[in-house]
Amino acid sequence: MSASVAVYRNIYTEDRFKQAYGSDDSTSGSLRLRDKLAGRCRCSRQTCLHLLRERVPIFNWLPRYRLKKWILGDTIGGLTVGILHIPQGMAFALLTSVAPIFGLYTSFFPVVLYMVFGTGRHVSTGTFAVVSLMTGSVVEQLVPTPLEMNSSSSEAADFEAQRIGVASAVALLSGIIMLCMFGLQLGFLSTYLSEPIVKAFTSAAAFHVTISQLQSMLGLRLPRHTGSFSLFKTLASVMENLPHTNTAELLISLVCLAVLVPVKEINMRYRQRLCTPIPVEILTVIIATGVAYASSLDSTYNIEIVGHIPAGFPGPRMPALHTFPDIAGDTVAITFVGYAVSVSLAMIYADKHGYSIHPNQELLAHGISNTVSSFFTCFPSSATLATTNILESAGGYTQLSGLFTSLVVLVVLLLIGPLFYFLPKAVLACINVTSLRQMFLQFQELPELWRISRIDFMVWVVTWLSVVVLNVDVGLAIGVVFSMMTVICRTQRAGCSVLGRASNTEIYRPLENHSKCYEVPGVKILTYNGPIYYGNRSFFREEMSRLLGLTPERIRSREKARKAMEKREREAIVSTVVQLLKSLNERKTSESNVQAVLIDCSSVTFVDVAGARLFTQMCTECQKVGVYVYLANCNESVLKILTSSGLMTYMNPQHIFVTVHDAVMYIQQQKEKPPENTTTVWV
């Protein structure tokens, strides 16, 4: 069943439409500004409560907490994630080149703070492999590992203090940057890290993490390489030292991988059937610690163990503030990566469960988390892929799950931590590698990405290769720049099309894709699918000139003909004028039937000063050859800039219409009117 639509109304120019349906912009604008200023400056109890709930979200969601419905899921999810935080926190501390105890601290303080200030209900914060790897590169650059050092001496304690001081300074500076971004409301900057960039970056960083853990899995004592080509340098160093592999640590690694990989696969495949995921990481840690203690593996086979883990709560300690100038550049990259991953994860689960997050509030939450926790010997934290996925699949509903997560870590810190003294570091390295499963699986999305968008596919590949070949921070910068260049190139080379009308409708579509549409006689309707600014003004001009045939030779010949006609009119040589007009009309018929140019601006999102001047220039050139210019579907900002640039001095304001069809109807009505005393020459 088909339905027909018939609409009868007047032809609307922009001026007529504003007079009929618009409002007084100056009055309403001043009133709106006054109301906004008054609203921002008003201080009342209600305003303070609203600000408190907005900036400290726990006061917003906690009073509405559904205890009977949500508490069980939050408890199970929080405890499950807390158990996972213990081995992962210690493992990711090795990536950061600090002692494992600092990974446990980083798994506690940021979790509590995000529960208070964060808006993501299913986000689990703490240690993240990519952020830890980037922080570890900074630590290794400023405090490199000495070739020989007695692990029981005071020199080793000073060395660890220097390293955690640098890592804490990175966390502090990262938090300060986020707080400054929050003050400037720069939450939108995370959008510059597109989904292909984030996925390619994390996937490539997973290779860096895996290669960096090979030496711990093989029992090799090698210096950590940083800078460009660090992945290949590390791999070459490992290959050269393969003969020195510690057989005991190799066997431990193989056994751990043989246990961790299949159980993690079971957790992933049967997560809908399992009440909670099997805590294989903590079980592996407990069993490996017991075996190492019972067999004295550290003294018998010279395996590397975690060593002393102090019990108790860490006291406040000032980060190494003097390193700020040296770590500033790397910290900016760490900040953007951590924030982009955190916001991306929060948005994914917010969309899945039907609630919204606030990017600027997320800046505040992660900024406070990193700033405060840095004074308790923590390195940078962010949302984590694995624990967030487990929290959601285990039934977590709200941020309250973070309370149970932090309680598990707190118990380990106060009571159980020293029991992990004999834990082999090879076990933590295996946990690091197996936690990257989701990042490696992102390769499976490449065929679909190729099918959907070749440009996004290229962004993915360029980012991945840059991160793998060069370095994590440099590769990320190259990926962002390349992605932005693709956007700029697409706006520079936006398509310009000729529109045709569907028979007996007011619908206009590009003729290249709709062969049954037809051009309106005497009217060339053009549309440009992009902004018009200094970067693409020359391309826009070339396309318009090509479609209209506005060559310099034609403009000059038409101008000469016009001047000759005007001169002869002044001399009152009527017969010559008639003859000239006839010849011009004959040339018009042979060359072109275009009498008017109508530009559909519906896809023109913005125009800058250079674009507005180009409109003026094209308008004068069209007038020289006797072609009138009309505009349609201009948005308010484009129309304002065109008007302010002086276009209306070269163009009739009544030639700007609300829709394309309004303009076409007006042009056709003008053609049907009797000719007036005018010197316009139609071409």
Side-chain angles (χ1 to χ4, degrees), residues 88 91-92 95-96 124 127-137 190-214 217 226 228-232 234-235 257 260-261 264-265 268 333-334 336-349 380 382-390 429-484 486:
Q88 281 200 356
F92 291 160
L95 283 178
T96 318
S124 173
T127 56
F128 181 45
V130 177
V131 174
S132 298
L133 178 69
M134 297 176 72
T135 306
S137 298
S190 63
T191 57
Y192 288 104
L193 293 179
S194 63
E195 182 178 342
I197 291 178
V198 173
K199 290 188 174 182
F201 171 76
T202 53
S203 179
F207 279 86
H208 281 273
V209 173
T210 302
I211 297 301
S212 69
Q213 296 304 292
L214 286 178
M217 296 169 67
T226 59
S228 299
F229 310 104
S230 59
L231 185 144
F232 302 102
T234 303
L235 190 59
L257 291 176
L260 289 169
V261 173
K264 278 180 168 287
E265 190 66 25
M268 182 59 62
I334 293 171
F336 273 94
V337 170
Y339 175 64
V341 171
S342 301
V343 172
S344 299
L345 277 175
M347 286 184 173
I348 288 171
Y349 288 99
S382 70
T384 62
L385 295 173
T387 55
T388 298
N389 185 32
I390 290 175
C430 292
I431 292 174
N432 273 333
V433 173
T434 56
S435 68
L436 305 172
R437 176 184 180 278
Q438 286 178 289
M439 300 183 192
F440 285 121
L441 290 180
Q442 291 176 141
F443 277 98
Q444 296 177 352
E445 302 177 7
L446 281 179
E448 183 180 3
L449 190 62
W450 172 265
R451 180 177 58 83
I452 296 173
S453 173
R454 305 287 174 86
I455 294 179
D456 285 340
F457 179 86
M458 289 301 301
V459 171
W460 201 103
V461 172
V462 169
T463 304
W464 190 88
L465 289 175
S466 301
V467 173
V468 168
V469 174
L470 298 177
N471 199 13
V472 177
D473 48 356
V474 177
L476 177 64
I478 292 175
V480 172
V481 171
F482 182 78
S483 178
M484 296 178 68
T486 61

For the residue pair [X] and [Y], establish whether any side-chain heavy-atom pair is separated by less than 4.5 Å.
X: Leu214; Y: Thr234; result: no
X: Trp450; Y: Trp460; result: no
X: Val130; Y: Val337; result: yes
X: Phe201; Y: Val472; result: yes
X: Asn389; Y: Met268; result: yes

From [X] [atom1] over to [Y] [atom2], what is the distance, rounded to the nearest 0.5 angstrom?
X: Leu95; Y: Phe92; atom1: CG; atom2: CZ; result: 6.5 Å
X: Tyr349; Y: Ser124; atom1: OH; atom2: OG; result: 10.5 Å
X: Ser342; Y: Leu385; atom1: OG; atom2: CG; result: 9.5 Å
X: Leu133; Y: Phe128; atom1: CG; atom2: CZ; result: 10.5 Å
X: Ser203; Y: His208; atom1: OG; atom2: NE2; result: 11.0 Å
X: Phe232; Y: Ile211; atom1: CZ; atom2: CD1; result: 9.0 Å

Where at least one partner belongs to residues 196-206, residue pairs that pass salt bridge (charged side-chain N to carboxylate O under 4.0 Å, His left out), sequence neighbours excluded:
Glu195-Lys199, Lys199-Glu445

Can you sort out the partners of Glu265 under salt bridge (charged side-chain N to carboxylate O under 4.0 Å, His left out), two or more places apart, ordered by chain and number?
Arg269, Arg437

Apply salt bridge (charged side-chain N to carboxylate O under 4.0 Å, His left out) to Lys264 and list each qualifying residue two or more places apart in sequence or on a separate chain.
Glu281

Restricting to side chain to side chain contact (heavy atoms under 4.5 Å, CB included), what partner residues turn up for [X], sequence neighbours left out?
X: Ile348; answer: none
X: Thr96; answer: Val98, Ser132, Thr135, Ala167, Phe379
X: Leu257; answer: Met217, Cys430, Thr434
X: Ala206; answer: Leu436, Met439, Phe440

What heavy-atom pair brings [X] and [Y] nearest, and what distance separates the two atoms?
X: Pro380; Y: Ile334; result: CB-CG2, 4.3 Å
X: Leu476; Y: Ile197; result: CD1-CG2, 4.0 Å
X: Ala383; Y: Leu345; result: CB-CD1, 4.0 Å

Give every donor-acceptor pair under 3.5 Å between a side-chain atom in residues 462-471 and any protein atom, sequence neighbours left out.
| from | atom 1 | to | atom 2 | distance (Å) |
| --- | --- | --- | --- | --- |
| Thr463 | OG1 | Val459 | O | 2.8 |
| Ser466 | OG | Val462 | O | 2.7 |
| Asn471 | ND2 | Asp473 | OD1 | 3.4 |

Qualifying residues under side-chain hydrogen bond (donor to acceptor under 3.5 Å, both in side chains), relative to Gln88, sequence neighbours excluded:
none

Among all residues two or more places apart in sequence or in another chain, which pass the side-chain hydrogen bond (donor to acceptor under 3.5 Å, both in side chains) test with Thr202?
Gln442

